[in-house]
Structures are given as C-alpha cells and as structure tokens.
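Data block below; observations after.
Just so it is clear: chains get the letters A, B, ... in the order the sequence lines come, proteins before strands, and each one is counted from 1. Values reported hereafter were calculated over all heavy atoms of this structure, with side chains retained and with hydrogens, waters and symmetry mates removed. Here the structure is a predicted model, which means the values were calculated and not measured.
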Protein chains: 2
Amino acid sequence: MAQHLTMNDIAQMANVSVATVSRVLADSPNVRAQTRERVLEIVKANRYEPSYIARSLSAQKTHTIGVVIDDIANPFFMELAKGVESVVRDRGYTMLLTSSNWDWHKESVLVRTLVRNRVDGVLIAAVHPESDSTELLKNTEVPFVLMNCWSSDETVSYVSGDSVAGGRLAGECLLKANVQQYLCLVGVPHQSSEERAQGFIEAINAVDKGESLHVYRDVPGFDDGYRIVTGLIARHRLDAVKTGIFASNDFVAMGVVGSLLDHSIAVPEQVSVIGYDNIAFAEQCRIPLTTVNQPKKTMGELAAAALITSIESGNPGCEQLLLRPRLVVRRSCQPLTG
Amino acid sequence: MAQHLTMNDIAQMANVSVATVSRVLADSPNVRAQTRERVLEIVKANRYEPSYIARSLSAQKTHTIGVVIDDIANPFFMELAKGVESVVRDRGYTMLLTSSNWDWHKESVLVRTLVRNRVDGVLIAAVHPESDSTELLKNTEVPFVLMNCWSSDETVSYVSGDSVAGGRLAGECLLKANVQQYLCLVGVPHQSSEERAQGFIEAINAVDKGESLHVYRDVPGFDDGYRIVTGLIARHRLDAVKTGIFASNDFVAMGVVGSLLDHSIAVPEQVSVIGYDNIAFAEQCRIPLTTVNQPKKTMGELAAAALITSIESGNPGCEQLLLRPRLVVRRSCQPLTG
DNA sequence: CCACGCTGTGTAATCGCTTTCATTTGCAGG
DNA sequence: CCTGCAAATGAAAGCGATTACACAGCGTGG
C-alpha cells in the first residue's frame with residue numbers, strides 16, 4: 001500500500017540525478033532555471049512529498065521538539081502546550097506532544113521514546129520527584145527545559161511560576177476574608193503544589209490571629225476536592241465556623257465549591273474559596289473563582305524559545321526563570337477592605 | 001553535541017556484528033543466550049537508545065499516527081484526543097497531535113507535514129469544506145479516518161456523532177420549555193454545526209405553535225455568544241419575551257448564559273439555554289448546562305481503532321459510524337413535563 | 001589557441017538500522 | 001573421527017534523503 005514516491009522516481013522522470021532534485025527542493029542556487037522548473041513541475045504533477053524520515057537520518061536533525069505533560073485534557077497543560085506550539089511552529093519545528101496521565105513511571109518511558117525518536121530537544125512539565133527523566137536526558141545529551149517546576153541544579157534550564165509567592169498571595173487574600181479556620185488542600189506531591197501550600201501556610205502563620213489551620217494532602221482533582229469537603233460537612237466542620245479554603249489548583253477549588261453549594265453552604269458568605277492557575281473556566285464556573293494566575297501561555301513560549309535557542313546555538317545556555325504569579329479576585333473569595 | 005551512540009558502537013564494544021545487536025534488540029530467537037546477555041549489558045551500561053528514525057526508514061513504517069484537530073486548548077477536542085491516544089498507545093503507536101487553530105489553510109499544510117513525516121495513518125477532526133486534506137491523503141494512499149464529521153464518499157471512513165439527531169433532541173427539549181421565541185446560534189460553517197442547526201430547526205418547525213425562530217450564523221466561541229446576546233438585550237429582544245436559545249456548542253452556550261446573568265436575566269426562568277457536546281465543564285458552569293452529549297472519548301477510540309486495523313490489515317476497510325447523541329438535562333433548560 | 005574559472009550536473013559515500021543470504025560454529029550420530 | 005544439520009553469526013544490500021567531490025561544458029583573458 002501507501003507506496004510513496006521517492007526522490008529517485010522524480011529524478012528519473014525528470015532525466016536528472018537525485019542530487020539535482022535535492023538541490024531544487026532545497027532551493028540551492030546552483031541549478032539552471034530551466035531544470036528547476038522541469039523538476040518542480042514533475043514534483044507537483046506527481047504530488048511528491050519528500051520523506052522527512054530520510055532527511056532526518058541524513059541531516060542528524062529531526063526538527064522536532066518533544067513535550068511531556070501530565071494530562072492532555074487538562075486546560076492548564078493545554079494552554080501551556082499552546083504557547084509551546086506557537087513558538088515551536090514559528091521556528092520551523094514540529095511539536096510531539098505526549099502525556100503521562102500523572103503516571104510517574106510512564107513519564108520516563110515517554111522521555112525515552114522521545115529520545116529514541118531523536119527529537120532535537122525536550123520540554124517537560126512538572127517532573128516527578130521519582131522520575132529519572134532528567135538524568136536520562138542529561139546522559140544522552142539531549143537539550144531540555146523544565147516547565148512549571150524548577151531545579152537547584154545550575155545546569156538545568158527551567159521556566160516556572162514562583163509557587164511559594166503564589167501561595168503567599170492566596171494566603172494574604174484569605175487573611176483579609178475574616179474567617180475563623182483555614183483549610184489547605186494540596187494536590188499530588190509535586191514540587192509546585194507543595195510550594196503553593198508552603199507559601200500559603202507561611203502567609204497564614206505570619207499573622208497568628210488564633211485561627212486553626214488544617215492541611216489535607218493528596219487532593220489532586222475535582223472529585224477529590226468534592227469528596228473531602230463533603231466529608232467535612234458531614235462531620236459538621238464547615239457549617240458552624242466561617243472557613244477559608246485554599247485549593248492548590250482550580251479543579252480542586254471547583255470541586256470544593258460544588259460540594260459547598262450542593263450542601264447549601266454559601267460561597268463566599270459562609271466559606272471563602274481560592275484556587276490556583278486561573279484556568280479559562282475559573283471565570284465561568286458556578287461561583288466565579290478567586291484564584292492565583294499563572295502566565296501559562298507565556299511559560300510555554302519562553303520555555304520553547306529557550307530550548308530552541310539552546311539547540312540552535314549548540315551550547316546548553318542555561319535559562320532559569322521564575323514567573324511572577326498574580327492574584328485574580330472574583331467572587332469565591334472577596335477580601336474585606338480595611 | 002548530542003552525539004548519540006549507534007548500533008555500530010555497541011556492536012564493536014560487544015565484539016559482535018550490528019546484525020547480532022539488532023537481533024538481540026528485536027528479541028529474535030536465534031541468538032545465543034550468552035551473547036544476548038553480553039549485548040544487553042553493554043546496551044544498558046552505555047544507555048544506548050536505538051534510533052527510531054533509522055528503524056523507520058528501514059522498515060518503511062513509523063508506528064506513528066498523525067492527528068489533526070482544530071484547537072489544542074479546547075476540551076472537546078482534547079477529550080477526543082485522549083480517546084485516540086489511549087488506543088494508539090495500547091497498540092504500540094505514537095500519536096503526533098497537531099492543531100490548525102481553525103485555519104482552513106493550515107489544515108492542509110498540517111496534513112502535508114504529516115505525510116512527509118510518513119505517519120502510518122491520519123485522523124482528522126472536522127475537515128473544513130474548503131480544505132483539500134482528504135484529497136491529498138487519498139492521492140498519497142495514506143490511510144485516514146475522519147472524526148466528528150462524515151462523508152458521502154463510500155470509500156472514506158469516519159466516526160462521527162449524528163448531529164441532525166442531536167439538534168433534534170435539543171429542539172424537542174426546548175419545545176417543552178414553553179417559550180415564545182427560538183434562537184439558534186450556529187458556529188463556524190462546519191458540517192457538524194450546520195447539521196445541528198438543521199436538526200434543531202426541523203424539530204421546531206415540525207410543531208408549529210406560532211413561535212418565531214431566528215438563526216444567527218458565525219457564532220463559534222464564548223465571546224461571540226456573549227456578544228450576540230448582549231446585542232439582543234440592548235435591543236430589548238430578550239427581556240420581554242420568554243426565549244429558548246440553542247447554541248451549537250457548549251462554549252457559545254456559556255457565553256450566552258454569561259451575558260444573560262450579567263444583565264440580570266434569569267436562566268432558565270426567563271431564557272432557556274441548551275448547548276451541545278457536554279464538555280466536562282458544562283456541569284460546573286454558572287448555570288449547569290442542559291446540553292447534548294457526544295461520546296467524545298469513544299469517538300476517538302473507535303476512530304483510532306478503525307484506522308490502526310486498516311493500517312495493519314493492509315486494506316482500506318471502510319468503517320462508517322454515526323454515534324447516537326444523548327440529551328443531558330441540567331438547569332439551564334428544564335422541560336416542563338406534560 | 002590554451003589555460004583558467006565558473007556554473008551545472010552526476011557519482012557515490014553517508015546517516016543507523018533491518019534483513020537476506022552466506023558462512024561459520026557446535027553438536028549429535030554413524 | 002568424520003559427516004551432516006541446525007543454530008549462531010557476519011557481510012552486505014537496501015531504505016530515501018544530503019552533500020562532498022569530480023567533472024563536463026563554456027566563456028574569457030592573455
């Protein structure tokens with residue numbers, strides 16, 4: 001089936017050698033105008049499409065950037081990927097997007113696959129602590145840039161958000177909401193969710209007004225947020241006391257809000273909720289979400305640009321960026337002024 | 001840089017020929033156990049990763065499936081892609097996901113790029129009428145399956161939803177909502193949005209009760225839905241008359257709801273709204289959305305399975321599926337019983 | 001009229017792997 | 001100890017492009 005034409009076929013039809021065809025297709029100047037035209041005509045007439053596979057093998061360059069994210073259906077990662085994609089395409093590369101579905105083991109398998117596919121560089125969002133992805137990349141000397149997490153290794157490039165600062169913003173916002181207890185819901189044990197929680201806790205503890213602070217871990221998604229809050233309501237931990245809840249991402253926050261509303265607890269009157277990421281839907285959910293914005297698209301763009309620059313320059317050129325988060329106040333948590 | 005080890009390097013270190021290394025890596029039975037071990041040891045010790053590029057060139061097969069969608073940050077396409085990805089990965093392929101950003105021209109460029117990358121097959125969501133993608137694929141004899149749209153060409157495989165039926169479901173639902181005028185917002189001029197509108201209009205016209213029906217076209221996204229409705233409100237076309245609005249996708253519906261609420265028009269009390277697709281957020285938006293569900297993930301899975309089967313069997317094997325849509329009643333449109 | 005240089009084209013090596021075919025090795029049976 | 005057959009291995013030809021190098025043709029200047 002799918003018997004593709006080869007450059008040789010075209011060469012024969014045009015009565016020239018493959019070298020000439022190659023030159024025509026590469027816009028090399030050393031081809032007679034007449035020959036060029038004839039070749040191009042035959043190429044077009046026969047709908048010849050050159051094989052990038054062969055080209056890559058010969059050129060030792062695939063013009064492909066591998067991207068590893070955690071969840072392909074998650075708006076946060078998708079906006080990130082969109083940023084990556086735009087830069088990658090502009091600079092003449094193709095993006096190979098893969099997703100680990102939050103599986104730490106799969107992540108290193110994916111990176112391995114990318115290396116085998118000889119991508120020119122790799123972008124990874126949120127490396128898992130247990131994963132050996134970065135080690136593999138270092139050993140194979142494939143350029144890579146981390147996204148949405150950072151590394152203390154000075155040779156590793158990354159573009160991330162300042163999660164501690166973001167968590168602090170959330171905490172400060174909730175401090176002004178005049179609540180009597182704080183809840184902090186931490187997602188999967190990632191660097192960034194841990195840091196968000198850390199910043200939040202710091203901010204709360206910096207101003208001890210005698211409120212209580214409870215931390216719940218392993219609350220990664222909508223359902224988990226919903227479940228936890230539903231459990232707390234059942235134990236009458238939320239209906240009597242005015243509460244502020246910080247969720248380490250907007251999904252969890254939406255789950256929290258969902259459960260509260262379903263149990264007739266008013267947001268933000270009885271419980272204030274604040275999320276993280278500012279995904280596109282945060283504005284349109286049942287109670288528009290107060291949240292900490294991350295410049296997702298920018299993050300993807302910067303990471304991709306840094307990677308490609310490093311690829312093309314040939315030297316590692318370490319770029320370490322921490323993007324500033326920004327508080328977005330909507331309805332779910334409204335700080336009392338003064 | 002990134003000087004990858006080659007099979008030759010491994011062969012020399014192990015004092016065998018490349019053929020033997022290749023056999024070891026391919027799990028060929030004709031290798032002495034002792035030799036196999038020695039080779040594997042060296043492979044592991046040196047972290048050798050075989051080049052899929054070279055392999056593909058030699059084998060004339062890339063084990064890669066190209067996927068073209070319209071928007072990489074759109075939950076509908078992403079759930080579709082997730083379905084595709086799971087099947088593709090299970091069957092030992094890699095998914096190459098590309099997005100056209102709703103640009104008709106870019107779509108055929110993308111398909112061309114996929115062909116040049118010699119993907120083993122292509123999945124396209126929503127081919128644009130003006131695009132020549134399918135023609136290119138037919139000519140190059142690359143197997144492909146359409147998703148979320150269908151073709152009258154009996155040689156073309158597709159897996160889609162029955163949009164006319166879905167539109168009809170929406171219409172029937174709105175008919176029971178006891179409104180005095182109907183609005184139908186149609187998205188980009190795609191086959192599927194046109195058919196959704198068509199089914200809707202059919203359903204409304206089948207039961208003429210004297211209500212008026214207005215159709216607005218080119219309303220593809222959230223902002224467009226918001227804008228249109230805001231305009232109508234300004235002209236007092238929505239505040240006096242009880243209205244039912246059908247939006248050809250959930251984004252538009254959310255825009256519609258957003259504008260209505262922002263202008264203090266009650267949903268569904270004054271205006272009933274119904275969307276299409278049942279994206280994950282439809283349940284969690286300001287007013288939980290009544291909508292027509294499409295089995296997005298299933299669609300992706302079936303399309304991918306059909307494609308890979310056709311690739312591996314070697315014959316085109318035409319599969320044409322129209323999946324049944326299902327009405328999901330939530331708050332934004334509640335039909336009065338009886 | 002010849003040497004020189006430039007343009008245009010072809011030849012062949014190369015990229016890293018698979019696979020066929022030939023050859024070597026090992027081992028059992030006579 | 002030799003024959004024969006099967007198992008293990010190697011040599012080499014692709015796969016489809018790129019590209020260094022060789023060379024043919026041809027106009028120009030000495």
Side-chain angles (χ1 to χ4, degrees), chain A residues 1-40 42-43 46-64 113 115-120 140 142, chain B residues 1-40 42-43 46-64 113 115-120 140 142:
Chain A
M1 338 169 289
Q3 215 47 278
H4 290 274
L5 280 178
T6 76
M7 195 171 260
N8 219 323
D9 299 328
I10 302 296
Q12 288 186 353
M13 295 184 204
N15 275 319
V16 293
S17 73
V18 284
T20 301
V21 177
S22 176
R23 276 187 280 256
V24 169
L25 263 45
D27 264 331
S28 158
N30 294 334
V31 182
R32 198 155 45 124
Q34 187 190 328
T35 312
R36 177 187 305 278
E37 264 184 54
R38 180 155 42 97
V39 170
L40 283 180
I42 294 186
V43 164
N46 296 80
R47 301 160 183 277
Y48 165 68
E49 302 291 343
S51 163
Y52 285 171
I53 296 291
R55 202 203 287 277
S56 294
L57 180 61
S58 179
Q60 296 287 72
K61 188 159 198 323
T62 54
H63 278 273
T64 297
T113 304
V115 169
R116 293 182 170 191
N117 276 297
R118 295 294 186 264
V119 294
D120 294 337
T140 53
V142 174
Chain B
M1 340 172 288
Q3 217 45 279
H4 291 275
L5 280 178
T6 73
M7 195 171 259
N8 220 324
D9 298 328
I10 301 296
Q12 287 185 354
M13 296 184 205
N15 275 321
V16 293
S17 70
V18 284
T20 301
V21 178
S22 176
R23 276 187 280 255
V24 169
L25 264 46
D27 264 331
S28 156
N30 295 332
V31 183
R32 200 156 42 127
Q34 186 189 330
T35 312
R36 176 187 306 278
E37 263 183 56
R38 180 155 41 98
V39 170
L40 284 180
I42 295 188
V43 163
N46 296 80
R47 300 160 185 278
Y48 164 69
E49 302 291 343
S51 163
Y52 285 173
I53 297 290
R55 196 196 289 262
S56 295
L57 181 60
S58 178
Q60 296 286 74
K61 187 155 198 326
T62 54
H63 279 275
T64 297
T113 304
V115 169
R116 291 182 171 191
N117 276 298
R118 295 292 187 266
V119 295
D120 293 338
T140 53
V142 174

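Side chain of A:Arg47 to main chain of B:Thr140: no donor-acceptor pair is present (N/O by atom type, distance under 3.5 Å, no hydrogens or angles).
Evaluation of the salt bridge (Lys or Arg N to Asp or Glu O under 4.0 Å) test over residues 6-26 of chain B, restricted to residues two or more places apart or in two chains, returns none. Among residues at least two apart or in separate chains, there is no salt bridge (Lys or Arg N to Asp or Glu O under 4.0 Å) pair with a member in residues 10-21 of chain A.
Within the nucleic acid shown, B:Thr35 comes within 4.0 Å of sugar-phosphate atoms alone, with no base atom in reach, counting heavy atoms only. The residue B:Val21 sits apart from the nucleic acid: no heavy atom pair falls under 4.0 Å. Backbone-only contact: B:Asn15 has heavy atoms under 4.0 Å from sugar-phosphate atoms and none from a base. When heavy atoms are screened at a 4.0 angstrom cut-off, A:Ser22 is found touching base atoms of the nucleic acid. Heavy atoms of A:Ala19 sit under 4.0 angstrom from at least one base atom.
As a whole-Å value, the separation of A:Asn8 CG from D:dA13 P is 17 Å. Between A:Lys61 atom NZ and D:dA17 atom C1' there is a gap of 16 Å when expressed in whole angstrom units. Atom CD in A:Gln12 sits about 12 Å away from atom P in C:dT11, given to the nearest Å. Rounding to whole angstrom units, CG of residue B:Asn30 and P of C:dT20 are separated by 12 Å. The separation between A:Leu57 atom CG and D:dG16 atom P is 12 Å, rounded to whole Å. The nearest whole Å value for the distance from the CD1 atom in B:Ile53 to the P atom in C:dT14 is 21 Å. As a whole-Å value, the separation of A:Asp27 CG from D:dT18 C1' is 15 Å. To the nearest angstrom, C1' of D:dG16 lies 9 Å from CZ of B:Arg118.
With DNA chain D read from its 5' end, the first of the two nearest nucleotides for A:Thr20 and B:Gln60 is the one closest to B:Gln60. Residue whose closest nucleotide on DNA chain C sits further toward the 5' end, between A:Ala54 and B:Ala59: A:Ala54.
Listed here is the closest heavy atom pair of A:Thr35 and A:Thr20: CG2-CG2, 3.9 Å.
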Can you check nucleotides 23-27 of chain C for protein contacts, nitrogen or oxygen pairs under 3.5 Å, and list what you find?
none

key: Summary of protein contacts for nucleotides 21-26 of chain D, nucleotide by nucleotide, where a base hit scores B, a sugar-phosphate-only hit scores S (4.0 Å, heavy atoms)   = ------
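With sequence neighbours excluded, the residues forming a side chain to side chain donor-acceptor pair (under 3.5 Å) with A:Thr62 are A:Asp120, listed by chain and number. Residues passing the side chain to side chain contact (heavy atoms under 4.5 Å, CB included) test with A:Val18 are A:Met7, A:Asn8, A:Ala11, sequence neighbours excluded. Applying the salt bridge (charged side-chain N to carboxylate O under 4.0 Å, His left out) criterion to A:Arg36, with sequence neighbours excluded, gives A:Asp27. Not a single side chain to side chain donor-acceptor pair (under 3.5 Å) links A:Ser51 to another residue, sequence neighbours left out. Residues forming a salt bridge (charged side-chain N to carboxylate O under 4.0 Å, His left out) with B:Arg116 (at least two apart in sequence, or on another chain): A:Glu49.
Here the side chain of B:Val18 is nearest to one of D:dA12, C:dG16, C:dG10, namely D:dA12. Closest to the side chain of A:Tyr48, out of D:dA17, C:dT9, C:dT18, is D:dA17.
Residue side chain B:Ser58 does not reach the base of C:dG16 through any donor-acceptor N/O pair under 3.5 Å, judged by distance alone.
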request  = Just do the side-chain contact (heavy atoms from CB on, under 4.5 Å) check on B:Gln12 and B:Asn15 with the steps written out, would you?
outcome  = CA-CA 5 Å; B:Gln12 287 185 354; B:Asn15 275 321; over 6 Å; no
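Partner of A:Ser28 under the side chain to side chain contact (heavy atoms under 4.5 Å, CB included) criterion, chosen from A:Leu25, A:Asn30, A:Val24: A:Asn30.
Contact annotation: the side chain of A:Met13 approaches that of A:Leu5 to within less than 4.5 Å [non-hydrogen atoms, C-beta and beyond]. Residues A:Thr64 and A:Asn117 are not in side-chain contact: their nearest non-hydrogen atoms beyond the backbone lie 4.5 Å or more apart.
In the helix from C:dC1-D:dG30 to C:dG30-D:dC1, the terminal helix axes, each the rotation mapping four pairs' C1' atoms onto the next four within five end pairs, subtend 60°, rounded to 10°.
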